[in-house]
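Down below is the structure, laid out as structure tokens.
Keep in mind that this is a model prediction, so the values were computed, not measured. Proteins get letters first, then strands, A, B, ... in listed order; numbering begins at 1 in each.
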Amino acid sequence: MKHVRKHIQELLLAAVDRCVADGLLAESLDQVPIEPVKRAEHGDFATTVALMLAKKAKMPPRKLAEAIRDRIQDDEGWIDHLEVAGPGFVNIRLARDVWYRGLGRIREAGRDWGLGEPKASPKFLIEFVSANPTGPLHVGHGRGAAVGDALGRILRRAGWQASSEYYLNDAGRQVRQLGQSVWVRALEILRDERPEQDPKGQKFSWLDVPAMPEDGYQADYVRDLARALLNEQGIAVLDMAPGEDLGPVAEMASHKMAEAIRGTLERFGVTFDFWVSERSLRRSGAIDRALDKLQADGLIYEKEGARWFRSSRFGDEKDRVVVRKDGEVTYFAADIAYHMDKYDRGFDQLIDVWGADHHGYVPRVKAVVEALGHSPDSFEPLLVQFVALKRGGEKVAMGKRSGNFVTVDDLMDEVGMAAMRYFFLERRHDSHIDFDLEVALSQDPTVNPAVYVQYGHARACGILRKAREELGLEVPSFDLDLVRHLDLPQEIEAIKQMLELPTLVEESAIARQPHRIVSYLSELSRLFQSYYTQTKSDPVLPPPSQREAGLESWDWDRTNARLTAVAALRDVFAICLDLLGLPAPERMASIETVDLDPSSAEQEE
RNA sequence: GCGCCUGUGGCUCAACGGAUAGAGCAGCGGCCUUCUAAGCCGCGGGUUGCAGGUUCGAUUCCUGCCAGGCGCGCCA
């Protein structure tokens, strides 16, 4: 059986062609637009094709709609009813069997439902997080991680090849700054812990311990890194001096931070296909080669002792320095080499997930892409807006300066990865979000939608488990006659929605919008939960009271039909949860009943 | 000053250029002899920031204002 949508589109296209043959239209279309209809009385699908073509045809839209309607040939009996409505819509109501057959396709596909046709190109490389290894990930990075990871999952399900990558900025000024900070802290620890002895005597005095630089890293993890340094080097740190000597310290510290970041991301359910190190990029000579190439094309010049890239030639507002006066290459120069390398490795569609504060950086990278001879459209920066934390209604103060910025690990400790990912993905990436800790912390599905959607999956599993364990019923293999017993409106609606999954996945992938999956999942969960509660007097499985009274009169066909539908729902829930990187629990852990009344807490004291 | 993003019920946000702009929270009122009430049903609530334009049709596209956020380094 063909895709429902595609089949309807083909019928409509044939009708449009007949209009052409009959001289009503000058030319046909590649594709006829159809969309699911919002209001039930309008049927299942509607096409606006008559509205679009009315002008060209020099006909009133409704007239043209009628002409198209009259030329639809539905030999296989898919369509139940056609009507022209409103300004010129052709509304289409499908025969019930279309949905029943559709359910068969879903069951047949199982966990593969929604997989798109494999697409050979373009090959995507999604770069995300890429936080400097100078400190732990904060909440903003968490959102980027959730978005980048989900986008990769969605693209892959839609049929594309998509790899994920973390670019490690483990070279440059900030990493040196980290090394410096760690070294200073290490000296302070030595001084504070054994002030009575000055181990190097005249060669070194505690008075020589330098002050922490103004823009140094002050937070607590620097102290941990300093301890690690002391464990490795002991008092040899006393012999080090700012400058080249601190290279190994910076390297050690950034390496340790990178490992910590990797650990955080793993906890968060995010693993990368590739980690690319800026340091190794520098050491490999890739930057020189990249600059040479641009130089050969006349796109690099010298001015005031520095070397500049002519990004203004490609729409940037000014040229940018790639080699500083002091001879060091800039971060931008490394990024040129890095993006060139991405193309060289065979990727032809680059998605970079950046914090919104990097938007000013976009034109110069676009310029690089163009200078390298690639389409500017092959580079897509995805700017992720900031996350504001709230507790109840109150904003939680964040800021690196105050030192109390919230890390991904902190937040995971408090609310768990599932809630974080859900709320990071719930909104479009370009909208600011308020993350309410109070909501995220709740285990109550009526309060916390992240729990609610997982509960939908758990509930479907619960029914199937109960059927198996208590009644010995397995999910029956698909049988068209059997599923015709599904006649409740919610049952038909659920099948319709499940049939939309492939379209949804593809649209979500093309639009780079994971939040559409969240909306869909949330809506389908609501439908299922509502169905579940509303059919309590007429449940899928015979209730205990019925079992005692005897099961001779029980409608087993109906039960089996519903088990088929529930199994399909379970799969669709699991697929969507997986696309978002959320766990799909088979049962919900029982909630701890916490007494939130403060007066009773006092009584316990 | 220039550039990017965002303005939609009390709050947080949806809506390939489509029909009467939808959800969730919060508020109010109901529903358990039951596969998890860890749930469901109903009600009220809107000049889609403002003004123009394009279109058969604009929350969506264009222009100008207003408001908020963020950028505008030989930092990364």
Side-chain angles (χ1 to χ4, degrees), chain A residues 33 35 37-39 42 46 48 51-52 54-55 60-62 85-89 91 130-132 134 169 171-175 177 215 278 303-308 317-318 320-326 328-332 334-335 355-363 383 385-386 388 390 393 423 426-428 430-436 439 443-449 451-452 455 458-460 462-467 470-471 503 507 510-511 515-516 518-519 522-523 526 529-546 562 566 587-591:
Chain A
E35 59 191 62
V37 131
K38 286 177 192 160
R39 308 181 70 82
H42 293 148
T48 55
L51 290 163
M52 283 173 51
K55 200 162 199 178
R62 285 191 66 108
F89 296 97
N91 290 336
S130 296
N132 292 347
T134 52
N169 303 122
R173 206 183 67 83
Q174 307 220 3
V175 169
Q177 193 70 261
D215 49 352
E278 182 185 355
K303 192 180 82 179
E304 296 163 4
R307 295 175 73 197
W308 300 69
E317 58 189 18
K318 53 178 278 199
R320 306 290 173 175
V321 170
V322 287
V323 182
R324 298 201 307 237
K325 202 156 36 182
D326 63 11
E328 184 166 3
V329 296
T330 58
Y331 171 86
F332 178 51
D335 227 13
D357 54 336
H358 283 61
H359 68 79
Y361 197 68
V362 171
L383 300 173
Q385 290 292 339
F386 292 132
K390 289 190 170 179
F423 290 111
E426 190 185 19
R427 310 302 184 196
R428 302 166 49 109
D430 52 6
S431 89
H432 305 250
I433 55 179
D434 286 346
F435 189 105
D436 193 329
V439 171
Q443 289 305 301
D444 183 346
T446 60
V447 173
N448 185 343
V451 175
Y452 186 85
Y455 187 42
R459 216 166 213 186
I463 292 172
L464 299 175
R465 182 173 54 242
K466 195 142 191 158
E470 295 182 12
L471 295 157
T503 308
E507 286 179 352
I510 289 171
H515 82 280
R516 293 194 189 191
V518 180
S519 307
S522 147
E523 204 174 315
R526 204 156 29 245
Q529 302 275 31
S530 164
Y531 168 70
Y532 175 93
T533 307
Q534 283 178 18
T535 56
K536 287 223 156 184
S537 56
D538 173 26
V540 176
L541 304 174
S545 56
Q546 180 73 39
R562 287 177 168 185
V566 171
R587 59 177 85 214
M588 300 303 278
S590 53
I591 291 184

### Query
Would a 4.5 Å heavy-atom cut-off, applied to side chains only, mark A:Val540 and A:Tyr532 as touching?
no
Of all the choices, [options], which nucleotide is nearest to the side chain of [X] once you look at every atom?
X	options	answer
A:Ala85	B:C16, B:A19, B:C40	B:A19
A:Arg39	B:A19, B:A38, B:C40	B:A19
A:Ala46	B:A19, B:C4, B:A38	B:A19
A:Thr533	B:C35, B:G39, B:U12	B:G39
A:Val37	B:U6, B:A19, B:A23	B:A19
A:His515	B:A38, B:A14, B:C13	B:A14
A:Pro539	B:C35, B:A14, B:G18	B:C35

Presence of donor-acceptor pair under 3.5 Å, side chain of [X] and base of [N]:
X	N	value
A:Asn91	B:A19	yes
A:Gln534	B:C40	no
A:Arg587	B:U36	no

Can you see if the side chain of [X] gets near the phosphate of [N] - specifically, an N or O under 4.0 Å from OP1 or OP2?
X	N	value
A:Arg459	B:A37	yes
A:Ser431	B:A14	yes
A:Lys38	B:A15	no
A:Thr446	B:G39	yes
A:Ser530	B:C41	yes
A:Lys536	B:C40	no

### Query
Do you know the tightest heavy-atom contact between A:Val175 and A:Asn169?
CG2-O, 3.3 Å
### Task
For A:Leu464, answer base if it contacts any base atom (sugar-phosphate contacts may also be present), sugar-phosphate if it contacts only those atoms, and nothing otherwise; contact means non-hydrogen atoms under 4.0 Å.
nothing
### Task
Could you check whether A:Thr535 gets within reach of a base, just the sugar-phosphate, or nothing at all, counting any heavy atom under 4.0 Å?
base
### Task
Indicate whether A:His432 forms a stack on B:G69; treat it as stacked only if centroid distance is below 5.5 angstrom and interplanar angle below 30 degrees.
no
### Query
Between A:Phe332 and A:Tyr361, how do the two ring planes meet: parallel, tilted or perpendicular, split at 30° and 60°?
perpendicular
### Task
Tell me yes or no: between the side chains of A:Tyr455 and A:Arg587, is some donor less than 3.5 Å from an acceptor?
no
### Task
Would you please say whether a donor-acceptor pair under 3.5 Å links the side chains of A:Thr446 and A:Asp444?
yes
### Query
More than 12 non-hydrogen atoms from neighbouring residues, nucleotides or ligands closer than 6.0 Å to CZ on A:Arg324, yes or no?
yes
### Message
Within the 4.0 Å limit for protein heavy atoms, which parts of nucleotides 71-76 of chain B are touched? Write it as a string from 5' to 3', B for base, S for sugar-phosphate only, - for none.
### Response
SS-BBB
